[in-house]
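Contents: one structure, followed by commentary.
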Amino acid sequence: MATPPSSDLILLVHQGIDADALVHHVRTGADGAIVTFDGCVRNQSHGRRTLYLDYEAYESMALAKMGEIAAEVHTKFPIDRVAIAHRLGRLEIGETSVFIAVSAPHRAAAFEACRYAIDTLKRSVPIWKKEYFEDGAVWADGELPPVPQDTQARKSAS
Amino acid sequence: MATPPSSDLILLVHQGIDADALVHHVRTGADGAIVTFDGCVRNQSHGRRTLYLDYEAYESMALAKMGEIAAEVHTKFPIDRVAIAHRLGRLEIGETSVFIAVSAPHRAAAFEACRYAIDTLKRSVPIWKKEYFEDGAVWADGELPPVPQDTQARKSAS
Amino acid sequence: MSSVAPSSVKPSIRVKVLFFGRLKEAAGAAEEFVELAPGSRIEDLFAGFTARRPELARYRSSLVASRNQEFAAWSTPLDSGDEIAFLPPVSGG
Amino acid sequence: MSSVAPSSVKPSIRVKVLFFGRLKEAAGAAEEFVELAPGSRIEDLFAGFTARRPELARYRSSLVASRNQEFAAWSTPLDSGDEIAFLPPVSGG
């Protein structure tokens with residue numbers, strides 16, 4: 001898989017995400033637009049009051065997948081730089097769990113790339129969220145990442 | 001015209017825009033997503049090296065129009081809060097000329113509302129940018145805002 | 001400077017006019033007060049300026065007008081106390 | 001625990017297995033090392049776990065596997081030293 005340009009920043013952190021540092025990282029004199037996405041902890045989920053969340057990750061693979069998303073975004077959109085950070089561990093209401101910043105010469109690409117990055121992250125990066133309520137905890141519903149075609153199986157079955 | 005909810009923040013500033021304050025303003029425990037747009041000064045325009053920019057506004061009308069955009073965004077998208085700030089006066093390369101933050105329970109609305117707000121601002125808010133190059137200055141090409149149907153003229157012509 | 005009905009007995013109306021951007025430079029002023037005959041429209045007001053400064057005429061097709069901070073058609077009638085602005089294509093953001 | 005060819009003379013292979021999220025709780029472990037017959041596939045590895053813990057079988061249709069940090073089909077053959085993970089639906093962001 002492609003590796004992201006060294007100008008990109010990909011982080012998993014166990015403390016608060018420093019959003020300003022990520023924005024600073026992507027800002028260059030060549031850019032006319034920076035779009036950011038800040039995913040934050042809501043105080044409720046499906047109508048139940050949330051107390052806090054706990055995120056865990058398959059860290060080495062999550063970092064690799066986040067880097068692949070950054071690389072893919074560069075091939076799909078005329079952008080400049082990408083920064084992606086995801087936080088792990090316990091998060092309180094209002095805290096930022098994921099932050100993505102994309103810089104580009106023009107705004108359309110920055111918006112589209114940032115949206116693509118978070119949509120893809122939610123579908124394909126091995127991170128899991130457990131939601132704690134007053135009466136218990138549940139693993140959040142999620143999405144099954146797409147897996148390569150099962151060509152081996154077809155071959156051995158023929 | 002509709003006025004924006006008092007929870008929105010609409011600013012014209014003559015110094016640096018405090019992006020953190022705008023993001024802080026829109027963040028509530030009910031939100032899962034905050035999308036921001038940061039429009040910043042590029043180091044070139046159509047291949048000519050830019051030295052700096054100077055923005056002027058019809059301030060009272062610009063504030064009114066920015067407030068209308070915020071109000072309109074609330075009617076079009078299921079979002080929580082909007083903050084819009086535009087800077088005026090001389091801006092150096094890399095500085096932020098406009099900053100928009102939108103919070104929402106879910107990310108799709110936050111992205112769409114933020115994009116709609118900046119697109120509409122660029123089309124309809126009376127602000128003008130003069131670009132200073134090494135060999136002179138020009139008023140940037142712009143867009144003519146849409147104007148109400150000329151019904152009076154038609155009536156008097158009949 | 002209006003082309004509408006003579007203002008012999010009627011009192012004139014007085015409006016504030018603002019110019020912005022390249023139009024401000026072309027007009028040589030940012031702000032002016034103008035007296036017009038009652039019944040004058042925004043187009044009459046602008047015609048008065050082009051009569052005085054013919055070079056303004058070439059901006060006519062690439063500007064919009066506002067009346068009291070709302071975009072307004074050229075045919076909009078004026079009232080005393082109105083704030084009228086002539087706005088070149090906007091380029092904020 | 002593999003259903004493929006007998007490993008009488010061939011050396012066995014050894015892989016590292018990781019469980020995450022609800023699957024980690026169901027498996028009762030986050031990490032394990034497993035010895036299998038050469039030629040074993042990811043599906044054989046998982047079958048070995050369900051033989052030991054039948055309650056894992058119900059996760060089979062709602063998880064994906066990875067081999068060395070890449071998503072991998074169930075039919076993917078294993079090599080000694082592989083890091084295999086079983087991943088429930090992801091919910092980051």
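Hydrogens, waters and symmetry mates play no part in the numbers below; they use all other heavy atoms, side chains included.
- Remark: A/H14 NE2 is packed, more than 12 non-hydrogen atoms of other residues, nucleotides or ligands lying under 6.0 Å away.
- The parts of D/L87 that come within reach of chain A are both its backbone and its side chain, each placing non-hydrogen atoms under 4.5 angstrom from that chain.
- Each of A/G39, A/C40, A/S60 has some count of heavy-atom pairs under 4.5 Å with chain D, and the biggest count is that of A/S60.
- When A/I118, A/T96, A/V125, A/L88 are compared by the number of non-hydrogen pairs under 4.5 Å with chain D, A/V125 comes out ahead.
- For a residue to count as touching a neighbouring chain, one of its non-hydrogen atoms must lie under 4.5 Å from one of that chain's; by this rule A/A62 does not touch chain D.
- Within 6.0 Å of atom CZ in A/R48, more than 12 heavy atoms from other residues, nucleotides or ligands are found, so the atom counts as buried in its surroundings.
- No side-chain heavy atom of A/I127 sits less than 4.5 Å from a side-chain heavy atom of D/V90.
- When heavy atoms are compared at a cutoff of 4.5 Å, D/A72 approaches chain A solely by way of its backbone atoms N, CA, C and O.
- The closest donor-acceptor contact from the side chain of D/R22 to the backbone of A/A140 lies under 3.5 Å.
- We find the CE-CZ distance between A/M61 and D/R67 to be 12.5 Å, quoted to the nearest 0.5 Å.
- For the residue pair D/F71 and A/P145, the shortest heavy atom distance occurs at CZ-CB, 3.4 Å.
- Closest heavy-atom contact between D/S91 and A/K129: OG-N, 2.9 Å.
- Heavy atoms of A/Y58 lying under 4.5 Å from chain D belong to its backbone as well as its side chain.
- A 6.0 Å sphere centred on CD of A/Q15 holds no more than 12 heavy atoms belonging to other residues, nucleotides or ligands.
- Annotation: D/D79, atom CG; neighbour count of heavy atoms from other residues, nucleotides and ligands within 6.0 Å is above 12.
- Between atom CD of residue D/E25 and atom NZ of residue A/K130 there is a gap of 3.5 Å, rounded to the nearest 0.5 Å.
- Considering only heavy atoms from C-beta on, A/W139 stays 4.5 Å or farther from D/P88 through its side chain.
- Interface check for chain D: of the options A/E56, A/K122, A/E143, A/R123, the most heavy-atom pairs under 4.5 Å are formed by A/E143.
- Panel note: side chain A/H86, backbone D/G93; a donor-acceptor pair is recorded below 3.5 Å.
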